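So the structure is just underneath, and the comments pick up after that.
Each chain gets a letter, A, B and so on, in the order its sequence line appears, and its residues count up from 1. Values in this document were obtained by computation on a predicted structure and should not be read as measured data.
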2 protein chains.
Amino acid sequence: MRKRSRYFAREELKKSGYKVTPARTAIIDLLSNSKKHLSAEDIFLKIHNISPNIGLTTVYRTLEVLVETGMVCKLDFGDRRARYEFSQGIEKEKHHHHLVCTNCNRIIDYTDFIEDEIELLKKTEKGLSKKYKFEIKNHIIQFYGLCNECRKKII
Amino acid sequence: MRKRSRYFAREELKKSGYKVTPARTAIIDLLSNSKKHLSAEDIFLKIHNISPNIGLTTVYRTLEVLVETGMVCKLDFGDRRARYEFSQGIEKEKHHHHLVCTNCNRIIDYTDFIEDEIELLKKTEKGLSKKYKFEIKNHIIQFYGLCNECRKKII
DNA sequence: ATTGTAAATGAAAATCATTTTCAATAATCA
DNA sequence: TGATTATTGAAAATGATTTTCATTTACAAT
Ligand SMILES: [Mn+2]
Ligand SMILES: [Mn+2]
Ligand SMILES: [Zn+2]
Ligand SMILES: [Zn+2]
């Protein structure tokens with residue numbers, strides 16, 4: 001599994017004209033085996049244990065590259081730091097969106113209603129690209145509110 | 001029109017236990033007459049011409065208050081600065097979402113397909129709040145891509 | 001394998017939107 | 001009219017991200 005995604009990533013990098021480097025491999029390995037929504041610093045620290053020679057700057061630069069190739073999604077949950085997760089294309093089974101607790105910052109991945117969502121998106125996309133001649137590449141849907149625990153706590 | 005929203009804002013502030021101050025009134029006046037998606041600094045500069053005694057810090061604090069009361073929406077288009085616009089509640093006719101051009105940062109407000117969207121949101125909201133016991137307060141839908149001009153330019 | 005070259009990297013410094021601090025001021029209410 | 005708090009402005013601090021620049025590395029061509 002790890003070998004598989006590593007191979008895929010290597011090809012993906014080459015396809016986009018990027019070199020395959022230890023930092024890039026390490027970050028891809030980490031993200032492809034992690035479910036969490038990690039910040040650049042999270043990633044830096046985890047990798048630092050294994051490869052103390054990879055700097056934070058390189059982590060930022062690598063993430064930029066991985067987002068550019070589409071392998072990684074950059075997420076923004078409103079605390080002022082980007083978060084990253086291995087990308088699941090739309091239409092794929094793992095495509096999901098997020099519930100964000102505004103109290104404790106918990107993030108819930110949900111995959112429910114994705115079919116309905118995709119239907120709406122297609123319709124919207126078609127309408128909007130015609131009306132505004134806008135070419136949609138990407139979308140965000142996010143719900144903000146209170147998670148179960150915080151709802152109880154706050155009352 | 002201006003008087004009306006000023007009156008409304010005054011009541012809204014009082015309702016939430018906030019004092020009515022010149023800075024707050026000025027910012028509400030500005031936003032309620034502006035269609036643009038203004039940053040804190042934009043707002044500061046515009047107001048600075050009229051009331052040079054209102055500081056940037058106060059602008060930030062005021063915006064925080066106005067967002068908290070629900071009178072203003074805080075928007076994030078991925079350049080690293082918040083943008084603000086006078087709030088239109090969901091279900092209201094002016095409720096809208098945004099197309100964001102990733103090349104030139106142009107923002108297009110769209111109100112199309114909002115009925116379908118609201119339908120999906122209701123369904124999703126109901127399903128998710130049951131499944132995850134998550135109380136949804138707010139949502140974001142945003143499309144990223146290329147506007148007409150940039151699409152032509154880049155090819 | 002060796003080498004030339006552009007791309008990638010690390011460390012340190014810079015950036016810059018936003019927050020914090022704190023002393024001074026002003027809005028509200030009795 | 002005060003008294004009581006919330007609000008404020010200016011300056012400093014914060015902190016995630018970016019830039020700079022000298023050094024190293026990947027890899028294509030030899
Ligand atoms: Mn996720
Ligand atoms: Mn708008
Ligand atoms: Zn929570
Ligand atoms: Zn554009």
Side-chain angles (χ1 to χ4, degrees), chain A residues 6-7 9-28 30 37-69 71-84 105, chain B residues 6-7 9-28 37-69 71-72 74-84 105:
Chain A
R6 200 181 284 182
Y7 178 76
R10 168 182 284 271
E11 294 311 305
E12 210 63 20
L13 284 172
K14 284 185 179 168
K15 201 193 295 174
S16 304
Y18 290 112
K19 291 180 177 173
V20 177
T21 66
R24 287 168 183 173
T25 307
I27 292 178
I28 288 162
L30 175 65
H37 307 99
L38 302 170
S39 69
E41 201 188 0
D42 292 338
I43 293 166
F44 167 71
L45 290 174
K46 290 201 184 236
I47 285 187
H48 196 68
N49 295 330
I50 309 158
S51 314
N53 49 319
I54 294 176
L56 179 57
T57 311
T58 298
V59 171
Y60 274 105
R61 284 187 288 224
T62 301
L63 288 169
E64 200 181 1
V65 165
L66 297 181
V67 169
E68 214 252 326
T69 65
M71 279 187 278
V72 166
C73 283
K74 185 176 184 177
L75 307 170
D76 178 347
F77 298 136
D79 57 348
R80 6 204 45 263
R81 45 176 36 181
R83 313 233 159 221
Y84 299 86
N105 277 337
Chain B
R6 202 182 282 182
Y7 178 75
R10 168 182 283 273
E11 295 311 303
E12 209 63 19
L13 284 172
K14 284 185 179 168
K15 200 194 296 175
S16 305
Y18 290 112
K19 291 179 178 172
V20 177
T21 66
R24 287 168 184 171
T25 307
I27 292 178
I28 287 162
H37 306 99
L38 301 171
S39 70
E41 202 189 0
D42 292 339
I43 293 166
F44 167 71
L45 289 174
K46 290 199 184 238
I47 285 187
H48 196 67
N49 296 328
I50 309 157
S51 313
N53 48 319
I54 295 176
L56 179 56
T57 311
T58 298
V59 171
Y60 274 105
R61 284 186 289 225
T62 301
L63 288 169
E64 201 181 359
V65 165
L66 297 182
V67 169
E68 213 252 327
T69 65
M71 279 187 278
V72 166
K74 185 176 183 178
L75 307 171
D76 178 350
F77 298 135
D79 56 348
R80 4 202 46 264
R81 44 176 38 180
R83 313 233 159 222
Y84 300 85
N105 277 337

A:G55 or B:S39, whichever maps to the more 5' nucleotide of DNA chain C: A:G55
Whichever of B:R81 and A:P52 has its nearest DNA chain C nucleotide further upstream toward 5': A:P52
Compare every heavy atom of [Y] with every heavy atom of [X], then report the nearest pair and how far apart it is.
X	Y	value
A:V67	A:C73	CG2-C, 4.5 Å
A:K74	A:A82	CE-CB, 3.6 Å
A:A23	A:T58	CB-CG2, 3.6 Å
A:S39	A:R83	N-NH1, 4.1 Å
B:A26	B:I54	CB-CD1, 4.3 Å

Atom-pair distance ([atom1] on [X]; [atom2] on [N]), nearest Å:
X	N	atom1	atom2	answer
B:K14	C:dC29	NZ	C1'	12 Å
A:L56	C:dT9	CG	P	13 Å
B:N53	C:dT25	CG	P	13 Å
A:Y18	C:dA7	OH	C1'	11 Å
B:L63	C:dA17	CG	P	15 Å
A:F44	C:dT9	CZ	P	14 Å
A:L66	C:dA8	CG	C1'	14 Å
B:R83	C:dA17	CZ	P	10 Å

A:I27 and its side chain to side chain contact (heavy atoms under 4.5 Å, CB included) partner, picked from A:V65, A:T21, A:L38, A:T62: A:T62
Under 4.0 angstrom between A:R61 side-chain N/O and C:dT9 OP1 or OP2: no
side-chain N/O A:R80 vs C:dA17 OP1/OP2, d < 4.0 Å: no
Sugar-phosphate only, base, or nothing, as touched by B:T21 at under 4.0 Å among non-hydrogen atoms: sugar-phosphate
Inter-end axis angle, the helix from C:dA1-D:dT30 to C:dA30-D:dT1, with every axis fitted to five base pairs (rounded, 10 degrees): 40°
Along DNA chain D, first and last positions that approach a heavy atom of chain B under 4.0 Å: D:dT5 to D:dT17
Whether over 12 other heavy atoms sit under 6.0 Å from B:E11 CD: yes
Under 3.5 Å: donor-acceptor pair, side chain of A:R24, backbone of A:K19: yes
Carboxylate-amine/guanidinium contact B:E12 B:K15, below 4.0 Å: yes
DNA chain D: 5'-proximal contact among B:T57 and B:P22 (nearest heavy atom): B:P22
Options C:dT9, C:dA7, C:dA27, nucleotide nearest the side-chain atoms of B:K19: C:dA27
All side-chain contact (heavy atoms from CB on, under 4.5 Å) counterparts of B:S16, not counting sequence neighbours: B:Y18, B:T69
